[in-house]
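For reference, the structure is listed below as structure tokens.
Chain letters run A, B, ... following the sequence lines, proteins first, then strands; residues in each count from 1.
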Amino acid sequence: MTQRNTAAPGHIEYVLRLGDNALILGQRLSEWCGHAPVLEEDMALANTALDLIGQARLLLTHAGRLEGRGRDEDQLAFLRGERDYRNLTLAELPNEDFGRTVVRNFLFAAFQVPLYQRLTASSDAELAAVAAKSLKEARYHLSHAGEWVIRLGDGTDVSHDKAQAALDYLWPYTAEFFAANPIDDAVSAAGIGPAWHNLEADWEAAVVPVLVEATLTVPARTPFASYGKFGRHSEHMGHLLATMQTMQRTYPGAQW
Amino acid sequence: MTQRNTAAPGHIEYVLRLGDNALILGQRLSEWCGHAPVLEEDMALANTALDLIGQARLLLTHAGRLEGRGRDEDQLAFLRGERDYRNLTLAELPNEDFGRTVVRNFLFAAFQVPLYQRLTASSDAELAAVAAKSLKEARYHLSHAGEWVIRLGDGTDVSHDKAQAALDYLWPYTAEFFAANPIDDAVSAAGIGPAWHNLEADWEAAVVPVLVEATLTVPARTPFASYGKFGRHSEHMGHLLATMQTMQRTYPGAQW
Amino acid sequence: PAYQAEFDAKIAAGGFIEAKDWMPEAYRKTLIRQISQHAHSEIVGMLPEGNWITRAPSLKRKAILLAKVQDEGGHGLYLYAAAETLGVSRDELYEALLSGKAKYSSIFNYPTLNWADIGVIGWLVDGAAIMNQIPLCKCSYGPYSRAMVRICKEESFHQRQGYDLLLAMMRGTPEQRDMVQDAVNRWWWPSIMMFGPHDKDSVHTETTRWGIKRISNDDLRQKFVDATVKQAEVLGVSLPDPDLKWNAERGHYDFGAIDWDEFWNVVQGHGQCNVDRLAARVKAWEDGAWVREAALEHARKRAVREKDAA
Amino acid sequence: PAYQAEFDAKIAAGGFIEAKDWMPEAYRKTLIRQISQHAHSEIVGMLPEGNWITRAPSLKRKAILLAKVQDEGGHGLYLYAAAETLGVSRDELYEALLSGKAKYSSIFNYPTLNWADIGVIGWLVDGAAIMNQIPLCKCSYGPYSRAMVRICKEESFHQRQGYDLLLAMMRGTPEQRDMVQDAVNRWWWPSIMMFGPHDKDSVHTETTRWGIKRISNDDLRQKFVDATVKQAEVLGVSLPDPDLKWNAERGHYDFGAIDWDEFWNVVQGHGQCNVDRLAARVKAWEDGAWVREAALEHARKRAVREKDAA
């Protein structure tokens with residue numbers, strides 16, 4: 001209860017970023033349902049989506065409590081304006097094909113794993129507990145997606161090219177993971193969680209060996225910049241929200 | 001002003017069907033913008049969408065006046081529940097590819113032309129005026145789409161097969177055009193407009209010769225039935241509405 | 001022959017036939033057809049519910065629905081595996097689905113038009129499926145029987161979740177209650193039809209003799225109606241059948257005549273979603289071809305490397 | 001040679017060069033590059049606005065936006081036709097766009113993120129385009145000049161419609177006003193950059209000598225800023241430049257330093273939408289290949305039939 005009045009805005013924002021990443025990527029992955037290349041992957045993608053939605057529920061509930069304005073997980077998930085979502089742009093990009101989907105899952109899980117690892121020692125006990133639970137899930141997503149990256153990269157010529165194209169497309173959006181900003185520093189100083197720009201080495205250590213094994217070329221960094229975690233999204237976000245929010249917007253106040 | 005209290009429910013419903021057909025097909029066609037096979041068709045599809053949205057504005061405004069509850073074109077277009085839309089199911093089906101798009105435009109315009117023709121003599125003077133204006137547009141749509149049906153049907157083997165597949169897919173939905181129902185009979189008896197089941201011969205006379213010239217096989221009638229004009233839509237409608245209504249649902253009461 | 005006698009004796013004693021046991025060719029074929037149809041139904045059945053995952057109105061309901069659809073994929077997997085014990089491959093069975101040769105449950109050719117459909121599918125469609133499937137838990141073919149035990153357990157869970165969704169909506173706004181009633185109106189008769197033709201018109205008498213089918217269509221249907229009427233009352237919805245009423249003499253509910261034309265139209269491909277459902281599955285399969293090829297090619301490369309290293 | 005002298009004299013006298021006139025190869029090439037870039041910009045420019053057609057918040061605005069995007073396609077057509085008078089085909093030019101060899105205006109690599117973006121594109125982007133294009137109505141190449149007269153007229157109309165959209169939103173709710181301000185914040189600097197590098201860094205001096213370009217980048221930019229500041233005041237939005245202020249001495253508004261790194265990054269392909277824009281156009285072209293082939297084949301068949309009938 002004391003948290004209600006003491007949570008710093010940076011703390012709330014930090015938790016929203018975590019929650020929105022899980023929410024929005026979970027939403028995207030749930031589009032796959034019934035459309036995957038093999039039945040096992042239909043189930044695996046639904047399972048990943050389910051894990052992420054589960055993480056989002058815990059994280060958004062926590063963010064709502066920190067905020068202390070009485071917003072629950074659903075009000076945060078379904079009733080914010082686009083600029084109030086704090087997910088990484090990468091999470092909201094369209095699925096495109098199975099190649100882009102698994103490469104994204106891989107790049108994202110490789111970021112979530114070291115992040116959740118550090119968060120298990122957060123000074124925010126609730127956050128630490130969520131991280132501990134979610135870390136196992138993220139590790140599984142990383143391993144599952146990583147195996148597919150290797151299969152596609154080191155598969156046929158066609159699959160190699162598609163995997164490389166997916167990587168080239170997605171890579172520029174990963175710069176946003178590590179873009180420095182004051183709230184990260186404040187949150188890090190308070191022992192709540194790591195500054196995201198400190199995670200880049202761990203991320204690369206997880207990502208690069210798999211890409212090499214997949215015979216894929218690691219793209220160079222470019223000046224491309226995206227800003228989803230600051231609330232400035234891509235053109236894709238509005239369409240995702242139109243679908244995701246439709247019931248809550250159409251029937252305001254209803255309980256489900 | 002006297003109309004307000006005298007319009008029969010069937011009259012309102014009849015005008016809503018006309019307006020919703022134009023609205024929903026216009027909405028679907030507007031998805032093509034920037035994605036057509038040639039620049040001229042980008043413009044032609046946008047133009048058809050524009051004509052249909054224009055018709056929808058006049059018709060929905062008229063329906064709102066007949067209803068007399070103060071609803072304007074935008075309240076009717078954007079703030080009804082799915083079951084209150086009265087368009088033919090055909091209009092809401094996804095565009096799929098250019099083949100399905102032009103075959104649909106063709107089948108639909110071939111229905112609109114004789115309908116608007118008869119409506120120019122409607123006892124509802126406003127409706128007659130709208131029909132007179134819209135008839136020219138529908139005639140142009142019919143001729144433009146018909147030319148494409150012939151090009152695709154009598155083009156390459158690939159285009160022939162795609163046009164035939166589009167026709168086979170869409171054809172069962174055309175039974176709904178002519179499905180008999182009490183409101184049509186009442187409206188027809190009042191001289192407002194034709195009962196739609198009386199339009200089938202005219203429609204076939206417009207459709208069949210073009211399909212023959214296009215070397216396409218006219219599909220057989222099957223027991224398939226759809227019910228959009230009675231308010232029971234396909235699974236596609238909810239997705240279309242989520243997109244189309246998003247701004248009005250998210251910002252209730254705002255003027256644009 | 002001796003094999004046949006042994007088989008007949010086992011069936012007569014209520015025992016299980018296992019994959020390695022001898023069985024009549026007709027028994028094998030019947031099982032392959034029935035199990036694979038059931039598997040296909042699970043897979044196609046992911047689509048009508050999947051249609052609402054991205055629009056689920058709360059995170060809790062979204063999670064429940066995701067988990068449910070994932071379970072259905074799992075049921076498909078057990079069932080394909082059970083069918084494979086009879087000497088066919090999953091791909092072979094799946095190709096038969098995609099080419100339109102194999103059937104799946106007609107119920108999935110109806111559209112899901114509002115959120116309450118998700119609840120009603122759990123309550124009525126899964127409910128009817130359970131009625132059909134519980135006797136299969138004791139069917140004479142061991143692998144099928146064991147798959148069904150597991151599936152029935154999960155289906156009961158889904159049914160309760162569906163009913164719970166509807167209870168929540170019935171406690172809500174008039175619009176929500178209208179959605180539930182609308183969904184019930186659309187799904188009631190198709191659910192009733194899930195038990196198949198009347199016994200007098202039913203042709204699968206061998207399946208009864210073989211211990212695959214243990215209760216008749218009409219008996220199952222009556223059991224379903226009797227159970228469901230009370231649940232509808234608790235829920236506060238009406239069932240769209242003016243002839244539905246308690247018959248004290250029979251100790252059962254009477255119900256109206258089933259529109260078998262509608263049933264056969266849908267079975268024969270003229271339901272509202274037959275074309276879209278199959279097209280969705282074909283597209284997924286074709287779009288995924290390069291992925292499956294990549295997985296095979298990678299496995300081949302890896303095997304060669306491991307052999308070289310050995 | 002005599003041709004060159006005649007050409008030079010015509011340019012010097014402010015006359016028009018026509019398609020059939022002799023012209024220096026470099027003049028022809030420069031024009032092809034400039035006109036086709038302009039055409040490509042119209043075509044690619046349909047995408048950011050097209051992004052909002054399906055979500056337009058009123059039927060009137062939806063109709064206006066559809067008409068506008070259609071006009072842009074029309075501008076593309078006039079301009080490709082003007083370029084074709086110089087001896088290249090539209091397909092050739094279009095393939096250069098799709099392969100990434102030809103450029104289009106960098107402004108279209110910015111995303112449209114809320115409905116006010118549609119108004120701001122009309123007001124600022126079309127406004128800047130008009131400033132750039134009005135002098136081209138008097139450019140030395142006749143077909144280009146005439147295309148520009150027509151285009152400028154329509155663009156002015158679009159600009160007024162965009163401004164009107166913003167006025168309506170500024171009269172609305174706080175959320176609507178926030179959207180307008182947000183859109184202005186994002187589009188202001190990119191609009192300023194539409195006039196290109198500062199004169200001192202600009203390389204196209206020949207285009208001035210040839211009477212293609214008649215006013216310098218910096219002069220046009222200043223004219224745009226001066227006109228726009230007052231419109232922003234009427235609208236009630238602030239422009240995101242703390243250094244923007246009236247300089248009575250110059251009789252112009254001073255404004256802050258332009259971030260040319262940002263400009264060149266986007267030109268070089270690292271804007272937010274470069275990849276998506278081109279991918280959308282490539283996909284449309286590839287998906288439409290069978291349609292174009294069908295049209296050609298049908299025309300061929302028809303010609304054969306007509307010949308046979310003759």
Side-chain angles (χ1 to χ4, degrees), chain B residues 23 26-47 49-50 53-54 56-57 60-61 72-74 76-78 97-99 102 147-148 150-160 162-163 214 240 243-248 250-251 253-256, chain D residues 39 42-67 69-74 76-77 80 90 94 115 165 168-169 171-173 175-176 179 277 280-281 283-285 287-302:
Chain B
L23 172 68
Q27 173 73 8
R28 272 292 182 223
L29 291 179
S30 74
E31 293 171 12
W32 268 105
C33 179
H35 308 288
V38 283
L39 186 48
E40 284 80 355
E41 289 314 305
D42 249 332
M43 294 172 65
L45 288 168
N47 190 54
L50 184 55
I53 296 295
R57 295 184 65 189
L60 293 180
T61 298
D72 65 14
E73 61 183 54
D74 288 328
L76 286 171
F78 297 108
D97 63 3
F98 186 76
V102 295
E147 281 165 25
W148 270 109
I150 293 167
R151 274 189 209 106
L152 298 182
D154 187 27
T156 64
D157 289 351
V158 168
S159 73
H160 177 87
K162 281 180 188 276
L240 180 149
T243 296
M244 189 174 83
Q245 297 186 338
T246 181
M247 292 293 286
Q248 290 269 357
T250 305
Y251 304 103
Q255 297 298 311
W256 304 92
Chain D
E42 296 283 356
I43 302 315
V44 176
M46 296 168 82
L47 297 171
E49 295 179 287
N51 180 41
W52 279 91
I53 294 178
T54 57
R55 292 176 293 168
S58 78
L59 292 183
K60 178 182 137 191
R61 297 288 174 198
K62 193 190 288 279
I64 290 173
L65 183 53
L66 269 167
V69 175
Q70 198 190 359
D71 282 348
E72 285 160 5
L77 277 186
Y80 284 124
R90 197 217 293 187
Y94 201 64
W115 173 250
L165 184 162
M169 286 183 75
R171 280 193 300 265
T173 67
E175 280 165 315
Q176 287 177 295
M179 284 184 216
R277 295 284 184 252
R281 273 297 172 187
K283 182 173 191 309
W285 192 245
D287 286 354
W290 70 274
V291 176
R292 297 189 301 276
E293 282 157 21
L296 284 177
E297 176 61 12
H298 177 73
R300 193 194 62 76
K301 284 184 182 172
R302 178 166 284 194

Check: Which region of D:R171, side chain (C-beta onward) or backbone (N, CA, C, O), has a non-hydrogen atom less than 4.5 Å from a non-hydrogen atom of chain B, or is it both or neither?
Finding: neither
Next item on the list: Please state whether the side chain, the backbone, both or neither of B:A49 comes within less than 4.5 Å of a heavy atom of chain D.
Entry: both
Check: What part of D:K283 gets closer than 4.5 Å to chain B, counting heavy atoms only: side chain, backbone, both or neither?
Finding: neither
Check: At a heavy-atom separation under 4.5 Å, does D:I43 approach chain B through its side chain, its backbone, both, or neither?
Finding: side chain
Checklist line | Minimum side-chain heavy-atom gap D:M46-D:R281 below 4.5 Å | finding: yes
Next item on the list: Below 4.5 Å from any heavy atom of chain D, which atoms of B:D97 appear? Answer side chain, backbone, both or neither.
Entry: side chain
Next item on the list: Compute the centroid of each ring, for B:W148 and then for B:F98, and state whether the two points are separated by less than 6.0 Å.
Entry: yes
Note to self: For the interface with chain B, which of D:E49, D:E293, D:E72, D:R90 has the highest count of heavy-atom pairs at distances below 4.5 Å?
What the structure shows: D:R90
Notebook entry, point to check: Among D:M169, D:K62, D:K60, D:R292, who wins on heavy-atom pairs under 4.5 Å with chain B?
Noted result: D:K60
Note to self: Could you report the tightest heavy-atom contact between D:G50 and D:V69, atom names first, then the distance?
What the structure shows: N-CG2, 4.4 Å
Notebook entry, point to check: How many angstroms lie between CZ in B:F78 and CG in B:D72, if you round to the nearest 0.5 Å?
Noted result: 10.0 Å
Note to self: What part of D:L47 gets within 4.5 angstrom of chain B, counting heavy atoms only: side chain, backbone, both, or neither?
What the structure shows: side chain
Next item on the list: Could you tell me which portion of B:L45 (side chain, backbone, both or neither) has an atom closer than 4.5 angstrom to a non-hydrogen atom of chain D?
Entry: neither
Checklist line | Selection from B:G253, B:G153, B:S159 maximising heavy-atom pairs under 4.5 Å formed with chain D | finding: B:S159
Notebook entry, point to check: Taking every heavy-atom pair that is under 4.5 Å apart, which of D:A294, D:A56, D:A295, D:G288 has the most such pairs with chain B?
Noted result: D:A294
Next item on the list: Determine the option with the most heavy-atom pairs under 4.5 angstrom with chain B, choosing from D:G45, D:A63, D:A299, D:G172.
Entry: D:A63
Note to self: Only pairs of heavy atoms separated by less than 4.5 Å count here; which of D:N51, D:L65, D:I53, D:L77 has the most with chain B?
What the structure shows: D:L77
Margin query: What part of D:Y94 gets within 4.5 angstrom of chain B, counting heavy atoms only: side chain, backbone, both, or neither?
Written below: neither
Next item on the list: For the residue pair D:P57 and D:W115, establish whether any side-chain heavy-atom pair is separated by less than 4.5 Å.
Entry: yes
Margin query: A side-chain contact here means heavy atoms from C-beta on lying under 4.5 Å apart; do D:T173 and B:Y251 qualify?
Written below: no
Note to self: So which residue, B:N47, B:D157, B:I53, ends up with the most heavy-atom pairs under 4.5 Å with chain D?
What the structure shows: B:N47
Margin query: Can you tell me which portion of B:T246 sits under 4.5 Å from chain D's heavy atoms? Options are side chain, backbone, both or neither.
Written below: side chain
Checklist line | salt bridge (charged side-chain N to carboxylate O under 4.0 Å, His left out) against B:E147, all qualifying residues, sequence neighbours excluded | finding: B:R151
Next item on the list: Looking only at non-hydrogen atoms, find the nearest pair between B:A36 and D:A284 and report the distance.
Entry: O-CB, 3.9 Å
Margin query: Please classify the contact between D:Q176 and chain B as side chain, backbone, both or neither, with a heavy-atom cut-off of under 4.5 Å.
Written below: side chain
Margin query: For the interface with chain D, which of B:D42, B:V38, B:L240, B:V158 has the highest count of heavy-atom pairs at distances below 4.5 Å?
Written below: B:D42
Notebook entry, point to check: Which pair of heavy atoms, one from D:L59 and one from B:A77, lies closest together, and at what distance?
Noted result: CD1-CB, 3.8 Å
Margin query: Taking the side chain as everything from C-beta on, heavy atoms only, tell me whether B:L39 gets closer than 4.5 Å to D:Y80.
Written below: yes
Margin query: Please rank B:Q27, B:M244, B:Q255 by heavy-atom pairs under 4.5 Å with chain D and give me the top one.
Written below: B:Q27
Next item on the list: Can you tell which part of D:A289 gets under 4.5 Å to a heavy atom of chain B, answering side chain, backbone, both or neither?
Entry: neither
Check: Do B:E31 and D:T54 have side-chain atoms, one donor and one acceptor, less than 3.5 Å apart?
Finding: no
Item checked: Interface residue of largest heavy-atom contact number with chain D, from B:E73, B:M43, B:H160, B:M247, under 4.5 Å -> B:M43
Item checked: chain B contact via D:V291 - side chain, backbone, both or neither, heavy atoms under 4.5 Å -> both
Next item on the list: Please list, chain by chain and in numerical order, all residues satisfying salt bridge (charged side-chain N to carboxylate O under 4.0 Å, His left out) with D:R61, sequence neighbours excluded.
Entry: D:D164
Check: Given side chains that start at C-beta, do those of D:E42 and D:D71 come closer than 4.5 Å, heavy atoms only?
Finding: no
Check: When heavy-atom pairs shorter than 4.5 Å are enumerated against chain D, which of B:L60, B:T250, B:I150 gives the highest number?
Finding: B:I150
Item checked: Flag side-chain contact, heavy atom, 4.5 Å: D:R302 against D:H298 -> yes
